[in-house]
Every structure is written in structure tokens, then in C-alpha cells.
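Report on the following structure.
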Amino acid sequence: MGIEIAGIGSYLPERILTNADLEKIVDTNDEWITTRTGIKERRIAKDGEATSDLAIRAAERALKKAKLKTSDIDAVIVATITPDMFFPSTACFVQKGLGMNSAAVFDISAACSGFIYGLGIARDFLRCGTYKNILLIGAETLSRITDWKDRGTCVLLGDGAGAVILRNSNSDSDILSVYLGADGNSSGLLFMPGGGSRNPATAKTVEDRLHYLKMEGNKLFKVAVRAMADSALKAIDMAGISPNDVTLVIPHQANIRIVEGVAKLMNITLDRVYINIQKYGNTSAATTPIALEEAIYEGKIKKGDIAVLVAFGGGLTWGAAVIKI
Ligand code: ACO
């Protein structure tokens with residue numbers, strides 16, 4: 001028995017922040033952002049809109065596509081680094097918002113790789129027969145932890161959510177492999193220092209701007225290209241296929257130049273790589289499910305095709321999944 005995506009949906013907040021808008025906030029320009037990152041605009045959640053609100057909208061669309069009721073879902077997993085609160089989990093708020101009451105629900109924190117980690121967890125729950133229908137969501141409101149005075153990060157980030165419903169199936173569809181990795185020794189390259197047990201929130205942590213994402217972009221760039229290419233090739237190997245069998249690579253959308261570097265190392269031409277970074281920037285755990293939904297909607301990937309989802313992010317974490325659609 002394989003595993004199929006019974007339904008997929010995404011949600012992007014309505015508000016668009018363009019590069020021209022950013023030029024008015026920090027010392028940057030459209031030309032720099034476009035050539036260095038590939039990003040033209042990103043979406044920003046409105047005031048009062050939390051990560052679970054985005055996740056719920058994406059989940060509702062996935063449920064509709066799957067023609068399933070909320071009562072059919074027996075586990076909800078939310079991958080996020082921008083939870084509504086420390087606790088309860090964002091998955092609890094999603095459960096409440098969807099009017100569910102008995103499913104097992106929890107969050108996972110693996111930054112931009114969170115959705116890939118979630119695919120591994122969901123696959124094993126399904127294979128073990130623990131659950132029948134799992135709602136897996138990648139959702140972020142990165143705008144809430146963005147330092148709008150830091151031009152090195154604020155031009156990159158955006159808000160959004162993507163959701164899939166996974167279930168066992170007699171069809172050909174399957175999650176053929178999942179490869180996951182991490183290097184906690186490099187955690188200082190991308191992190192948010194304030195607000196946790198290390199630096200609990202005080203007036204001083206706010207004054208020192210510790211409640212914002214900090215990043216050493218240049219160092220990350222090199223690790224990202226290598227880790228994503230390695231992960232994708234390892235997952236392809238684990239699936240017992242070759243890169244030539246892959247219809248579409250759906251990479252984490254952090255920087256167009258990272259994506260180009262990954263494609264080069266994988267020896268895959270860019271027409272077999274899905275890119276939507278120009279529209280949404282980096283939405284962390286949400287980029288891969290949003291891109292997967294768009295690729296399916298646009299007909300770039302169809303039933304029977306093979307997609308490789310690959311990501312890299314804070315932790316550092318990385319991973320890839322080979323999916324037969
Ligand atoms: N506008 C104009 N100039 C800028 C901007 C900006 N927005 N940001 C930086 N610069 C300047 C720098 O100050 C520097 O100027 P200097 O040479 O006078 O010192 C120059 O541009 C080059 O800066 P670099 O940091 O070397 O630029 P780089 O080409 O590396 O691009 C970037 C920076 C886009 C951040 C890139 O390094 C990157 O994408 N890194 C990886 C990010 C990533 O993958 N993060 C992980 C996922 S994120 C997550 O998990 C939430």
C-alpha cells in the first residue's frame with residue numbers, strides 16, 4: 001500500500017509588499033533584491049492575523065479538494081517557527097478553528113525544512129497504521145519576527161501557508177523516500193535569540209532587538225546549496241531511482257541563486273525546477289507545500305510523475321522527500 005496526497009491547498013495573505021515598498025523602509029533597491037535573491041514581492045499577514053489563521057485557510061482548501069470532513073482527520077501536524085504562542089501548539093489552534101476535537105495534534109520546529117520533516121513523520125504514522133488521514137501544514141508569519149531595520153533579512157521573508165492531506169492508498173502514489181539531516185553546531189548562523197528560556201523577554205531584550213530573526217546570509221548560502229543538493233541526491237538514491245526519473249524538483253524558495261546552484265550540482269536543468277520565489281519570497285516551512293500546490297495546479301506535475309521536495313533552514317536542518325504523485 002502506498003501513500004497519496006488526497007488534497008492540497010494553500011493560503012497567501014492579500015497584502016503585497018513590493019521591492020519598491022521596501023525601498024521606502026530600508027536602504028535597498030529593486031535591482032539589488034532582484035539580482036541577489038530573485039524576489040520581487042512577498043505577502044504580509046494583516047494585523048491580528050496569526051499563523052494558525054493562515055494554516056486554517058490552507059487546510060480548508062485541502063479538505064475541500066480531498067472531499068473529506070474534519071471528522072475524517074485523525075492527526076494534525078503543523079510545521080512552523082512562528083507559532084501563535086509558545087503553547088499551546090499552533091496545531092491546537094488549527095484544530096479549534098476547524099471545529100475538530102479528538103485528533104492528535106502537535107507542532108514541529110525545523111525551520112524551513114519543517115514540511116519535509118513533517119512528511120517523514122506523517123509517512124511513518126501512516127505506514128505503521130497509527131493514523132488514516134493526516135493533515136500536514138507548513139505555515140509561517142515570518143513578518144512577525146522580521147527586523148524591518150535589517151536590510152540583510154527583511155527583503156527575503158514573507159508569510160503564507162500550505163497544507164496537504166496524506167492517506168494510505170491502493171494507487172501507485174507514494175512517498176518513496178525521505179532523507180533528513182541537521183547540524184546543531186551551526187545554529188548560530190540563523191536563529192532568534194530572544195523570548196525563550198535562554199533570554200526570556202525583558203525590556204532589555206526588546207531594546208536589543210533580540211526578538212527578531214538573525215542571519216549570517218553569506219555563510220548560510222554556501223551550506224544551503226551543498227546541503228540541499230546532497231539531500232535531494234540522497235533521497236533520490238534511497239528511492240531507487242535516478243535524477244533522470246524526476247519530473248520536477250520543488251526546492252525551498254530562499255534565494256534564486258541557491259536554487260540555481262542546487263540544480264547545477266544535481267545536473268538538472270532549470271525547466272525541471274519549480275520557482276515561485278519572485279511572488280512570495282521565503283515563507284520558511286510553507287514554501288514547499290505552496291510550490292507543490294501551484295505546480296500541480298499549473299499542470300507541471302501530474303498523477304504518476306515524480307517530485308523531489310528539498311529544503312534547508314535554521315538549526316541548521318535539511319531534508320528531501322521523493323514523492324510519486
Ligand atoms: N539591499 C542592498 N544591499 C544589501 C542588502 C539589501 N537588502 N543586503 C545586504 N546588502 C549589502 C551588504 O551590506 C553588502 O555590502 P558591502 O559589500 O558594502 O558590505 C553587500 O550587499 C553584499 O552582502 P552579502 O551578504 O555578501 O550579499 P549576498 O550576495 O550573500 O546576499 C543574501 C545576501 C541574499 C542574504 C544571501 O546571502 C542569501 O540568500 N543567503 C542565504 C539565506 C538562506 O538560505 N537562509 C536560510 C533559510 S531562511 C530561514 O530558515 C527562515
Side-chain angles (χ1 to χ4, degrees), residues 17-43 51 79-83 108-118 138-161 181-184 186-193 211-231 251-262 265 275 277-278 280-288 290-291 309-320:
L17 187 72
T18 65
N19 291 350
D21 296 328
L22 280 167
E23 286 177 9
K24 295 175 201 142
I25 302 173
V26 283
D27 180 14
T28 191
N29 56 76
D30 175 54
E31 203 263 330
W32 192 96
I33 303 171
T34 306
T35 53
R36 296 291 183 114
T37 74
I39 302 167
K40 296 300 276 185
E41 56 189 46
R42 65 290 290 145
R43 302 298 180 97
T51 296
T80 187
I81 50 163
T82 46
I108 50 176
S109 173
C112 305
S113 316
F115 188 79
I116 312 290
Y117 270 66
E140 303 283 8
T141 45
L142 291 178
S143 62
R144 303 295 196 260
I145 60 165
T146 297
D147 185 346
W148 296 103
K149 289 190 170 170
D150 176 10
R151 68 177 182 173
T153 54
C154 74
V155 302
L156 304 172
L157 310 171
D159 302 337
D183 174 18
S186 303
S187 52
L189 294 182
L190 180 55
F191 66 122
M192 190 180 86
H211 299 272
Y212 295 122
L213 176 150
K214 315 279 177 200
M215 184 176 88
E216 287 196 45
N218 206 281
K219 287 188 186 153
L220 276 173
F221 190 100
K222 291 166 199 138
V223 191
V225 174
R226 169 59 60 193
M228 281 172 68
D230 277 357
S231 297
H252 172 49
Q253 313 279 316
N255 186 319
I256 188 103
R257 292 183 297 134
I258 293 178
V259 173
E260 287 164 357
V262 172
L265 284 184
I275 296 168
I277 192 171
Q278 68 282 1
Y280 311 129
N282 179 353
T283 58
S284 187
T287 67
T288 45
I290 292 170
L309 272 59
V310 55
F312 168 88
L316 302 177
T317 59
W318 51 80

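Both counts, for ligands and for their atoms, begin at 1 and track the order of listing. Sequence positions, counted from 1, serve as the residue numbers for this chain.
- Within the 4.0 Å heavy-atom criterion, the part of Thr37 lying near ligand 1 is the side chain and not the backbone.
- In this structure, atom 1 (N) of ligand 1 lies nearest to the protein heavy atom Thr28 OG1, 2.6 Å.
- A salt bridge does not link Arg43 to Asp159: none of the charged nitrogens lies less than 4.0 Å from a carboxylate oxygen.
- Residue Leu213 has no nitrogen or oxygen atom sitting less than 3.5 Å from a nitrogen or oxygen atom of ligand 1, judged on distance alone.
- What sits closest to atom 46 (C) of ligand 1 on the protein, heavy atoms only, is Leu190 CD2, 3.7 Å.
- Every atom of ligand 1 is numbered from 1 in the order shown, and the set under 4.0 Å from a heavy atom of Val155 is 7 (N).
- Distance check: Trp148 CH2 to Leu157 CG gives 7.5 Å after rounding to the nearest 0.5 Å.
- Among Ala111, Cys112, Ala110, Ala227, the residue whose heavy atom sits closest to atom 50 (O) of ligand 1 is Cys112.
- Ranking protein heavy atoms by distance to atom 30 (O) of ligand 1, first place goes to Asn218 ND2, 3.1 Å.
- Every salt bridge (charged side-chain N to carboxylate O under 4.0 Å, His left out) that Asp30 has, sequence neighbours left out, goes to Lys40.
- Inter-residue side-chain proximity for Ile81 and Ser284 is flagged as met; some heavy-atom pair is nearer than 4.5 Å.
- A donor-acceptor pair shorter than 3.5 Å cannot be found between the side chains of Thr18 and Glu41.
- The salt bridge (Lys or Arg N to Asp or Glu O under 4.0 Å) pairs that include a residue from residues 212-224 are Glu216-Lys219, where partners are two or more places apart or lie in different chains.
- When the heavy atoms of Val223, Thr35, Asn255, Ile258 are ranked by distance to atom 34 (C) of ligand 1, first place goes to Asn255.
- Summary of contacts: the protein heavy atom closest to atom 40 (N) of ligand 1 is Gly217 O, 2.9 Å.
- Any N or O atom pair closer than 3.5 Å counts here, and Asn282 shares no such pair with ligand 1.
- Here the heavy atom of the protein found nearest to atom 33 (C) of ligand 1 is Trp32 CH2, 3.9 Å.
- Looking only at protein heavy atoms, the nearest one to atom 15 (O) of ligand 1 is Arg151 NH2, 4.3 Å.
- Note: Met215 CE to Phe221 CZ = 10.5 Å, rounded to the nearest 0.5 Å.
- Checked by atom type and distance alone, the side chain of Thr51 never pairs as donor or acceptor with a backbone atom of Pro83 at under 3.5 Å.
- Residue, atom and distance of the protein heavy atom nearest to atom 27 (O) of ligand 1 are Arg36 NH1, 3.3 Å.
- Nearest protein heavy-atom contact of atom 31 (O) of ligand 1 is Arg257 NH2, 3.5 Å.
- Note that atom 18 (O) of ligand 1 has no protein non-hydrogen atoms nearby, at separations under 4.0 angstrom.
- Rounded to the nearest 0.5 Å, atoms CZ (Phe191) and CG (Leu213) are 9.5 Å apart.
- Across all non-hydrogen atoms, the minimal contact from Tyr117 to Ala182 is OH-CB, 3.8 Å.
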